[in-house]
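Just follow the structure's listing: the first ligand is 1, and inside any ligand the first atom is 1.
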Amino acid sequence: MPQLMIDAGPTAPDALVTRTGGVPLAPPGTEWPTCASCDGPLQFLAQVLLSDVDNSTGSAEQDRGILALFACQNDPGMCDDWAPTAGGNRALLLPTTDLRPLPLPSLSVDEAVLVLGAVRAVTTEHEDAPDYDDAREAWATRTGRPDPAVLGQLGGTPAWIQDDETPLCPGCHHPMPLAVQLEEGPDHYTAMNFGGGGCAYAFTCEPCTRAVLLWQC
Ligand SMILES: [Zn+2]
Ligand SMILES: [Zn+2]
C-alpha cells in the first residue's frame with residue numbers, strides 16, 4: 001500500500017523531520033557537496049528520516065539514518081544532474097547522532113542556487129491503491145485536496161515516468177530499494193527542478209550506508 005507524503009505546510013528550516021527545502025542537518029565535519037561537472041555547490045532539496053519509511057523487516061526501532069538530497073542548479077540543464085552517477089547530484093545517508101545545520105558555503109552564489117524558496121513539512125498517509133499514481137489520484141478524490149499536495153512517496157515501488165532505472169548499490173551491487181520518490185512541489189516558484197513535471201527517485205542500501213539519486217521527466 002503506497003505511503004504518500006502529504007504537504008503539511010511550513011516548518012523551521014532546520015527541523016529534524018522529513019521535509020523538502022530548508023537546510024540539511026548533518027554531523028560536524030560534513031562538507032556541503034559540490035558538483036562534479038561545474039564544481040559549484042549543489043542545491044539542497046530534501047531530507048528524509050528513514051525511520052519514517054516503511055520497513056520490510058519491521059525493525060522500526062533502530063536508527064536507520066537520515067537521507068540528504070542535493071542536485072546542481074548552478075547552470076540548470078548543463079550538469080547531468082538527472083543521472084545517478086554523473087556527479088551532478090548527491091544523496092548522502094548520514095547517521096542521526098550529533099546532527100546540526102550544515103553551514104551554507106561562503107561563496108558568492110545566489111542563495112536560491114543553494115536552498116529552495118519554501119520549507120514543507122511532510123505527513124504520511126497510506127492509501128489503498130495498486131500503485132503510487134493510483135494512490136495519488138485516490139487520495140485527492142477522497143480528501144478533496146488537489147493532488148499537488150502529494151509531495152511524493154516513501155518506500156514502496158517507484159512509479160517510473162521513463163524506463164525502470166533501479167540502481168545497483170555501489171557497495172554490494174544488489175538492486176537498491178526505493179527510499180523516496182519526490183514530486184517537484186506544488187508551487188512553481190519554490191519547486192525543485194526535475195526537468196518540468198518530473199520526479200526524483202532516491203534509493204538507499206542501509207547495510208552499506210550508500211544512497212543514489214536520479215530523476216526523470
Ligand atoms: Zn553543476
Ligand atoms: Zn549495498
Side-chain angles (χ1 to χ4, degrees), residues 20-21 23-24 26-27 30-51 53-60 62-96 102-117 154-158 164-182 184-185 190-196 198-217:
T20 62
V23 296
T30 307
E31 297 206 21
W32 193 283
T34 55
C35 175
S37 293
C38 71
D39 287 333
L42 299 180
Q43 183 182 57
F44 176 64
L45 304 178
Q47 73 179 18
V48 175
L49 299 181
L50 290 193
S51 55
V53 182
D54 285 347
N55 183 348
S56 55
T57 65
S59 53
Q62 78 193 70
D63 179 5
R64 299 171 58 198
I66 185 169
L67 179 64
L69 303 175
F70 300 82
C72 186
Q73 278 297 301
N74 290 290
D75 195 357
M78 296 307 292
C79 292
D80 290 351
D81 57 296
W82 52 269
T85 55
N89 69 50
R90 203 69 47 80
L92 302 176
L93 182 50
L94 301 164
T96 54
L102 193 57
L104 297 186
S106 52
L107 295 165
S108 54
V109 293
D110 188 343
E111 192 169 298
V113 168
L114 301 173
V115 294
L116 299 175
L154 294 180
T157 304
D164 183 339
E165 286 189 87
T166 301
L168 300 180
C169 173
C172 67
H173 308 292
H174 287 103
M176 300 176 85
L178 183 73
V180 61
Q181 175 173 351
L182 283 174
E184 294 186 341
T190 61
M192 296 174 255
N193 180 5
F194 304 140
C199 277
Y201 308 81
F203 300 80
T204 55
C205 180
E206 294 180 42
C208 297
T209 60
R210 304 294 283 266
V212 168
L213 175 67
L214 61 98
W215 61 256
Q216 298 184 343
C217 70

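Metal site remark for the Zn ion (ligand 2): Cys169 contributes an N, O or S atom at a distance under 2.8 Å. Note on Cys172: counted as a metal contact of the Zn ion (ligand 2), an N/O/S atom lying under 2.8 Å.
In this structure the side chain of Ser37 never reaches within 4.5 angstrom of the side chain of Cys72, judged on heavy atoms.
Atoms SG of Cys205 and SG of Cys208, as seen from the Zn ion (ligand 2), are separated by an angle of 100°, to the nearest 10°. The SG atom of Cys35, the Zn ion (ligand 1) and the SG atom of Cys38 define an angle of 110° (nearest 10 degrees).
Taking the six-membered ring for Trp and thresholds of 30 and 60 degrees, Phe44 and Trp32 have ring planes more than 60 degrees apart, a perpendicular arrangement.
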Item to check | Stepwise side-chain hydrogen bond (donor to acceptor under 3.5 Å, both in side chains) test for Trp215 and Asn193 | outcome: CA-CA 9 Å; Trp215 61 256; Asn193 180 5; over 6 Å; no
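Listed here is the closest heavy atom pair of Ala200 and Phe194: CB-CZ, 3.4 Å.
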